[in-house]
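Heads up: the structure comes next, in structure tokens.
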Number of protein chains: 2
Amino acid sequence: MMSVTEVIGYTAATLTTVSFLPQAILTIRTRDTSSLSLSMYSIFTLGVLCWLIYGLYISDKAIIAANAITFILAGIILIYKIYNVLAKKN
Amino acid sequence: MMSVTEVIGYTAATLTTVSFLPQAILTIRTRDTSSLSLSMYSIFTLGVLCWLIYGLYISDKAIIAANAITFILAGIILIYKIYNVLAKKN
């Protein structure tokens, strides 16, 4: 059986990972990125990539899985933002 | 001296924490939250709160510090979004 600490940890990891799904869906559907910060998504995506590499280094499957998903979702949002900035849409 | 793994871990934690600062500044300055997902910021802020509780449970200062900062920044953005939704601005 999982301890209370483990339950809180897995809940935390699931929530922060899953949270980027509605943002990615909204961004893909509306293509609107006007109020999204380019700096935030650049720094955040790079940070998540570092977490992924860290997870690979210490062979932690939970860290690898959570950050692989977040990297894809944040990466999609970042690509839309960069496209809109380059297209001068915002 | 820190190992390569530790350096990558601290870099990852710093980047994902610091990334929310430019988003919070942009949101405070423009008050525009039209392309921000309410679901994302609700789920994410709750998730970061769980990370903070997890850090307190296992007495990990790095997890506590990183998530306390992220909780404040994501919380500010969430409050602006909720205000705009209630004010029917978006």
Side-chain angles (χ1 to χ4, degrees), chain A residues 3-27 29-60 63 66-67 70-71 73-74 77-78 80-81 84 90, chain B residues 3-27 29-60 63 66-67 70-71 73-74 77-78 80-81 84 90:
Chain A
S3 66
V4 175
T5 313
E6 280 179 301
V7 171
I8 295 171
Y10 279 109
T11 304
T14 304
L15 291 175
T16 50
T17 301
V18 163
S19 68
F20 282 86
L21 189 61
Q23 180 66 64
I25 292 170
L26 182 74
T27 304
R29 220 178 45 200
T30 63
R31 291 163 182 263
D32 178 16
T33 60
S34 57
S35 57
L36 298 182
S37 162
L38 175 62
S39 302
M40 177 201 149
Y41 276 94
S42 304
I43 300 168
F44 185 79
T45 307
L46 186 64
V48 171
L49 182 63
C50 288
W51 274 124
L52 186 56
I53 294 166
Y54 178 77
L56 291 166
Y57 257 94
I58 66 166
S59 302
D60 184 311
I63 294 180
N67 287 286
T70 310
F71 180 71
L73 295 172
I77 299 163
L78 177 62
Y80 271 87
K81 180 65 190 181
N84 282 343
N90 57 66
Chain B
S3 66
V4 175
T5 312
E6 280 179 301
V7 171
I8 295 170
Y10 279 108
T11 304
T14 304
L15 290 175
T16 51
T17 301
V18 163
S19 68
F20 282 87
L21 188 62
Q23 179 66 65
I25 291 170
L26 183 73
T27 304
R29 220 179 45 200
T30 63
R31 291 163 183 263
D32 179 17
T33 60
S34 57
S35 57
L36 297 182
S37 163
L38 175 62
S39 303
M40 178 202 148
Y41 277 94
S42 305
I43 301 167
F44 185 80
T45 307
L46 186 66
V48 171
L49 182 64
C50 288
W51 275 125
L52 186 57
I53 295 166
Y54 178 77
L56 291 167
Y57 256 94
I58 66 167
S59 303
D60 185 310
I63 294 180
N67 287 287
T70 310
F71 180 72
L73 295 173
I77 299 163
L78 177 61
Y80 271 87
K81 179 66 189 180
N84 282 343
N90 56 69

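All values below come from the heavy atoms of this structure, side chains included, with hydrogens, waters and symmetry mates left out. Order of the sequence lines sets the chain letters (A, B, ...), proteins ahead of strands, with each chain counted from 1. Predicted, not measured: the structure shown is a model, and the values here were computed from it.
B/A12 and A/G47 make their closest contact through CB-O, 3.7 Å (heavy atoms, listed as atom of the first residue, atom of the second, distance). Scanning both residues, A/T5 and B/I58, for their nearest heavy atoms gives CG2-CG2, 3.3 Å. For the residue pair A/S37 and B/Q23, the shortest heavy atom distance occurs at N-OE1, 2.8 Å. The shortest heavy-atom contact between B/I43 and A/P22 is CD1-CG, 4.4 Å.
Note that the OG1 atom of A/T16 and the CG atom of B/L49 stand 12.0 Å from one another [nearest 0.5 Å]. B/M40 contributes atom CE, which lies 7.0 Å from atom CD1 of A/I77 (distance to the nearest 0.5 angstrom).
Both the backbone and the side chain of B/A13 come within less than 4.5 Å of a heavy atom in chain A. Using a 4.5 Å cut-off between heavy atoms, B/V7 makes no contact with chain A at all. Heavy atoms of B/T30 lying under 4.5 Å from chain A are absent altogether. For chain B, the nearby parts of A/L46 are the backbone and the side chain; heavy atoms of each come within less than 4.5 Å.
In summary, the side chains of A/S35 and B/S35 do present a donor paired with an acceptor at a separation below 3.5 Å, with no hydrogens or angles considered.
Comparing B/T17, B/L26, B/T45, B/V18 by heavy-atom pairs within less than 4.5 Å of chain A, the highest count is held by B/L26.
Inter-residue side-chain proximity for A/F44 and B/L15 is flagged as unmet; no heavy-atom pair is nearer than 4.5 Å.
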